[in-house]
Amino acid sequence: SAVRQDATVTDLWVEGDLLDLGMKQFKTKPVRKTVSPLDFGFSHSVRVAPGSQALQEFQKALNSSDEQASDVYFALKTRSGTGVERELGQGYVNLRKMLREGRNVTSQKVGLQGQQGVSAGTLTVSVVAVEALQAVMAAPASAADAFLGRGPAAGAASGARDTVRVDVAG
């Protein structure tokens, strides 16, 4: 790819943006671009518990009139020899589409668009979220409803149903 041929690129990492959850930990460790195959070996889970900020953010994104509000973004980044960070490309997975289709994204190649729409390669990502998203849509809208046991998901079991997992391979 163009990224592998770019002499100014040495280390690569991926930063993810999962809604407005301010996830500083959604960042892979840097990997040398010469490693083949490139494997970021990253996995992160977010618990979407009743009454939590995460639940509210997912509800807001899934109910938004803007389809892009439910995008999970992946940005491929590097740092120049002088330490300046720059984005090489960005791709996304849409949570609303996953919910509509009732299908998790498993080891899917996500195209990364660089500047002027030039391809910056692909990332292999998994987003395991459908059960949690279904629970989010059925959950009480407020912490008070959850506390009082109101709403269809008041007695929902935890586990896979309340966790969104994002994996980045390479």
So which of T163, L133, V136 actually passes side-chain contact (heavy atoms from CB on, under 4.5 Å) with V48? V136

Answer with yes or no whether the hydrophobic clustering places [X] together with [Y]; edges join I, L, V, M, F, W, Y residues whose side-chain heavy atoms lie under 4.5 Å apart.
| X | Y | result |
| --- | --- | --- |
| V164 | V130 | yes |
| V14 | V31 | yes |
| V35 | V168 | yes |
| V46 | L62 | yes |

Which atoms form the tightest heavy-atom contact between [X] and [Y], and what is the distance?
| X | Y | answer |
| --- | --- | --- |
| L55 | S52 | N-OG, 3.1 Å |
| A61 | A69 | CB-O, 3.4 Å |
| A120 | L76 | O-CD2, 4.1 Å |
| R165 | S45 | CG-OG, 3.3 Å |

To the nearest 0.5 angstrom, please state how far the [atom1] atom of [X] sits from the [atom2] atom of [Y].
| X | Y | atom1 | atom2 | value |
| --- | --- | --- | --- | --- |
| N94 | Q68 | CG | CD | 9.0 Å |
| K60 | L19 | NZ | CG | 9.0 Å |
| R79 | E85 | CZ | CD | 5.5 Å |
| H44 | D167 | NE2 | CG | 11.0 Å |
| L99 | M137 | CG | CE | 6.5 Å |
| F58 | N63 | CZ | CG | 13.0 Å |

Determine whether S64 and R96 satisfy the following criterion, side chain to side chain contact (heavy atoms under 4.5 Å, CB included), listing intermediate values before the conclusion. CA-CA 10 Å; S64 171; R96 195 179 299 174; 4.0 Å; yes

[X] versus [Y]: any side-chain heavy-atom pair under 4.5 Å?
| X | Y | result |
| --- | --- | --- |
| V105 | M98 | yes |
| V93 | F74 | yes |
| V166 | V125 | no |

Could you go through residues 106-114 and list every donor-acceptor pair under 3.5 Å that involves a side-chain atom there, pairing it with any protein atom two or more places apart or in another chain?
unit_1 : atom_1 : unit_2 : atom_2 : d
K109   : NZ     : T124   : OG1    : 3.4

Please step through side chain to side chain contact (heavy atoms under 4.5 Å, CB included) for the pair K27 and W13, ending with a clear verdict. CA-CA 7 Å; K27 179 178 178 176; W13 70 90; 3.5 Å; yes

Could you go through the side chain to side chain contact (heavy atoms under 4.5 Å, CB included) check for K77 and L12 one step at a time? CA-CA 6 Å; K77 295 193 168 188; L12 300 167; over 6 Å; no

With a 4.0 Å cut-off on N to O distance, would you call R100 and E67 a salt bridge? yes

Among Ile, Leu, Val, Met, Phe, Trp and Tyr joined by side-chain contacts under 4.5 Å, find the other residues sharing a cluster with Y92 and list them by chain and number. Y73

